[in-house]
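Order of the sequence lines fixes the chain letters, A, B, ..., with proteins taken first and strands second; residue numbering starts at 1 for each chain.
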Protein chains: 2
Amino acid sequence: MANRSSRGSSAPTLKDLARLAGVSPITASRALHRPELVAEATRLRVAQAAEQSGYVPNSLAGGLASRQTRLVVAIVPSVGHSLFSDMLDALITALAAQRYETTLGISHYDPQHEERWLAVMLSRRPDGVVLTGTEHTARTRRLLLNADIPIVELWDYTPHPLDVAIGFSQEDAGRAAFRHLWACGYRRPAILRSDDSRAQRRAQGFLRAAAEADAPEPAQVVFPESSPQAGRGRDALDALLARARDADAVFCSSDALAQGVLAHAHALGLSVPRRLGVLGFGDQVLAADSIPALSTVRVDGAHIGRLGAEALIARMSGGAVIPAQDIGFKVVARASTLRDARPPSA
Amino acid sequence: MANRSSRGSSAPTLKDLARLAGVSPITASRALHRPELVAEATRLRVAQAAEQSGYVPNSLAGGLASRQTRLVVAIVPSVGHSLFSDMLDALITALAAQRYETTLGISHYDPQHEERWLAVMLSRRPDGVVLTGTEHTARTRRLLLNADIPIVELWDYTPHPLDVAIGFSQEDAGRAAFRHLWACGYRRPAILRSDDSRAQRRAQGFLRAAAEADAPEPAQVVFPESSPQAGRGRDALDALLARARDADAVFCSSDALAQGVLAHAHALGLSVPRRLGVLGFGDQVLAADSIPALSTVRVDGAHIGRLGAEALIARMSGGAVIPAQDIGFKVVARASTLRDARPPSA
DNA sequence: CTGTTAGCGCATTCAT
DNA sequence: ATGAATGCGCTAACAG
């Protein structure tokens, strides 16, 4: 059933296919992409010809002619964090279901990198763009505006999105984190976080909530963004205890970090959650409720990915071209889903 | 400094740019992409014109004309596992350094999905393809052969790669895992793994090594592939203990799983590594040496990604077109890097 | 160092 | 339901 495809040398084109099927190129094209416009018989003949010749469409030519690429550009800070990888999986899969493909850029939490990715990627004439957060360089904004394509900004809530924004308030999440720990009876909660901007904003919310509760200012350990968060658990916890011996709970900037902290707390003989409350952030720790001692600020990365794909597809497929305001932006804050609180005896 | 770009309506093309700079289109093209062929003065004029007009190249047209897209297709089983996400990050970053962009497909460990992704992605005329593993459908192979582009298969060692393969022997890794546990004095090591094919092959090696050591056949708990491996720790360990109460060590198919097992072991009051040896797989657990009780079969996903990019770039940039045999395939097995072994007293 | 000619492979528009 | 003509925006191959 296999074959050498073309008798000559290069890959068969639509023209070859048409000749083989005994129709004109445009009919062959329609048979492939808009079968409803073509007689069933010819559709079949073209399909057979395609199969037999091993025809592979050239979407460069197609895109050039139709000004539609079915390509989406996504730029994320990292693929190593479960939040983003969950999101990416959902995003890519949901887009693929509508025959969109995704080209990926990794910004490493740097708006300059984002700009560089975007600048080169726009030349592929994507039908849509997915960005993370709302911090972009001026040139990024300009490029995007000139490109005039749908844009979705994920993870952050903002009243002034470039186009559509889907996310939640990091500040509120941080606030909720503090209040949870406070309500559980912890009086010296601290923050363990990486230095990315979203974690920073959560920390701000946390501090503010502490101030509002007339609590002493929470200690904060900040470490550079890097892949193995779990590995940071030991260092971060040690650093905290060295600085604030009386800390009785920690708000971690990721679930992986929380796991690492948990392991190290065990090693140190600190009982969790009695001596130390550990609060994660994300959707991993509680995914299977397997670690009852931990609680987490739950954020569903996959959900954000799905919503993002949905919004982008809606914008891209035009139909009724919905202005940004019509779609608005959904605040997907599951930060209130705090669980497994246990009154400590500290 | 910003501007509305085009005075008319649609985005400026190379022709517009050329007119603005007072040169022919082809000269403008060269000024942009092959500056060494052009007088510095004209290069500058073109650059200014580009800046001023907000020109964005159209790589669809460019690719169509030049038969070069600087696009690479990568298909991975998952982006949620640290091994793959580390690899992806390294791969994408290394390719980007040579101005290649990456389109991502997610196979969810299914060769059929891989085939579907490939079939559509090939129509973008990528310059190269990165696949995971060596199990592909017949049509996948056919498509790839007809496409006639460089291919890199990652993670598995095989004497018969489609083109270039970079990986290691999963079997050997499994063997090494068993031997490590055995050498540490564990006499009833078991396997906790997901049901993907590479983990399965590692298990085979593990079992074989056990047979060679005249050990009883290790118990095996297999669970379906799914995102939150860490969450599986509890269920998997419980299942194991229910079935094989005397198991004294576990070989986990991922580091995340190992972490989950560790946490649950703590919860059950099983001391690690005394009562239970826990062996991970990957590059996370020991990344910061933060959890001394665990050991791991170390595999460096990022390294595989870098090597993969390197190999692919070598093949793509042609120059001397190196046949597969010349490049060969590198066996990157760091499975022997077993550490933190502690003689248990079981 | 620069320009001319031609065509990459396909889909749009308008016919029929 | 099918076809003919035209052009999408760019670069290769040659010329000068």
Side-chain angles (χ1 to χ4, degrees), chain A residues 5-6 8-46 49-50 53-71 120 122-125 127 147, chain B residues 5-6 8-46 49-50 53-71 120 122-127 147 318:
Chain A
S5 89
S6 58
S9 52
S10 61
T13 71
L14 192 62
K15 196 150 68 169
D16 301 330
L17 189 65
R19 193 167 336 165
L20 225 166
V23 296
S24 76
I26 184 58
T27 298
S29 169
R30 289 199 267 247
L32 259 23
H33 302 306
R34 320 191 52 191
E36 70 279 10
L37 296 184
V38 133
E40 177 62 12
T42 58
R43 194 194 63 70
L44 251 170
R45 298 222 317 286
V46 172
S53 62
Y55 172 71
V56 174
N58 184 325
S59 60
L60 298 177
L64 187 57
S66 70
R67 294 154 175 295
Q68 251 231 112
T69 56
R70 296 203 90 78
L71 219 214
V120 296
L122 283 180
S123 64
R124 295 198 193 274
R125 296 295 187 267
D127 290 341
Chain B
S5 88
S6 57
S9 52
S10 63
T13 72
L14 192 61
K15 198 149 66 168
D16 301 329
L17 189 64
R19 191 167 339 164
L20 225 166
V23 295
S24 76
I26 184 62
T27 298
S29 169
R30 289 199 269 246
L32 259 24
H33 303 306
R34 318 190 54 191
E36 71 279 10
L37 297 185
V38 134
E40 176 62 11
T42 59
R43 194 193 64 68
L44 250 170
R45 298 224 317 288
V46 172
S53 64
Y55 172 71
V56 175
N58 184 325
S59 61
L60 298 176
L64 187 58
S66 70
R67 294 153 175 298
Q68 251 230 109
T69 55
R70 297 203 91 79
L71 219 216
V120 296
L122 282 180
S123 65
R124 295 199 194 272
R125 297 294 188 267
D127 290 341

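Distance, B:Q68 CD to D:dA12 P: 9 Å, rounded to whole Å. Rounded to an integer number of Å, the gap from CG of A:L44 to P of D:dA1 is 15 Å. Rounded to an integer number of Å, the gap from B:E40 CD to C:dT2 P is 11 Å. Per the geometry, CD1 belonging to B:I26 stands 8 Å off C1' belonging to D:dC10, to the nearest Å. Separating the NE2 atom of A:H33 from the P atom of C:dA11 is a distance of 4 Å, rounded to the nearest angstrom. Atom CG of B:N58 and atom P of C:dC8 are 18 Å apart (whole Å). Straight-line distance from the NZ atom of A:K15 to the P atom of C:dA11: 14 Å, rounded to whole Å. Computed from coordinates, the A:L64 CG to C:dA11 P distance equals 11 Å when rounded to whole Å.
With contacts defined as side-chain heavy-atom distances shorter than 4.5 Å, the pair A:L32/A:V46 qualifies. Side-chain contact check for A:R125 versus A:L71: every heavy-atom pair is 4.5 Å or farther apart.
The phosphate of D:dG9 (OP1 or OP2) has no side-chain N or O of B:Y55 nearer than 4.0 angstrom. An OP1 or OP2 oxygen of C:dT12 is reached within less than 4.0 angstrom by no side-chain nitrogen or oxygen of A:R67. Under 4.0 angstrom from either OP1 or OP2 of C:dC10 there lies no side-chain N or O belonging to A:S29. When the side-chain nitrogen and oxygen atoms of A:S24 are compared with OP1 and OP2 of D:dT2, none of them lie within a distance under 4.0 Å. Residue A:T42 places at least one side-chain N or O closer than 4.0 Å to OP1 or OP2 of D:dT2.
Ranked by how close their nearest DNA chain C nucleotide is to the 5' end, B:V38 and A:A61 are led by B:V38. Both B:V56 and B:R30 sit near DNA chain D, but only B:V56 has its closest nucleotide nearer the 5' end.
Counting any heavy atom pair closer than 4.0 Å across all strands shown, A:S59 reaches no nucleic acid atom. Among the atoms of the strands shown, only primed sugar atoms or phosphate atoms (P, OP1, OP2) are found under 4.0 Å from some heavy atom of A:L14. Within the 4.0 angstrom heavy-atom criterion, no nucleotide atom of any strand lies near B:L60.
Under the 3.5 Å distance criterion, the side-chain polar atoms of B:S53 are left unmatched by any main-chain donor or acceptor of B:L17. Panel note: side chain A:S123, backbone B:S59; no donor-acceptor pair is recorded below 3.5 Å.
Comparing C:dC1, D:dG9, D:dA1 against the side chain of A:A39 picks out D:dA1 as the nearest. The side chain of A:T13 lies closest to C:dG9 when the candidates are D:dG3, C:dG9, C:dT12.
Note that CG of B:D127 and OG1 of B:T69 are 3.5 Å apart. Values are rounded to the nearest 0.5 Å.
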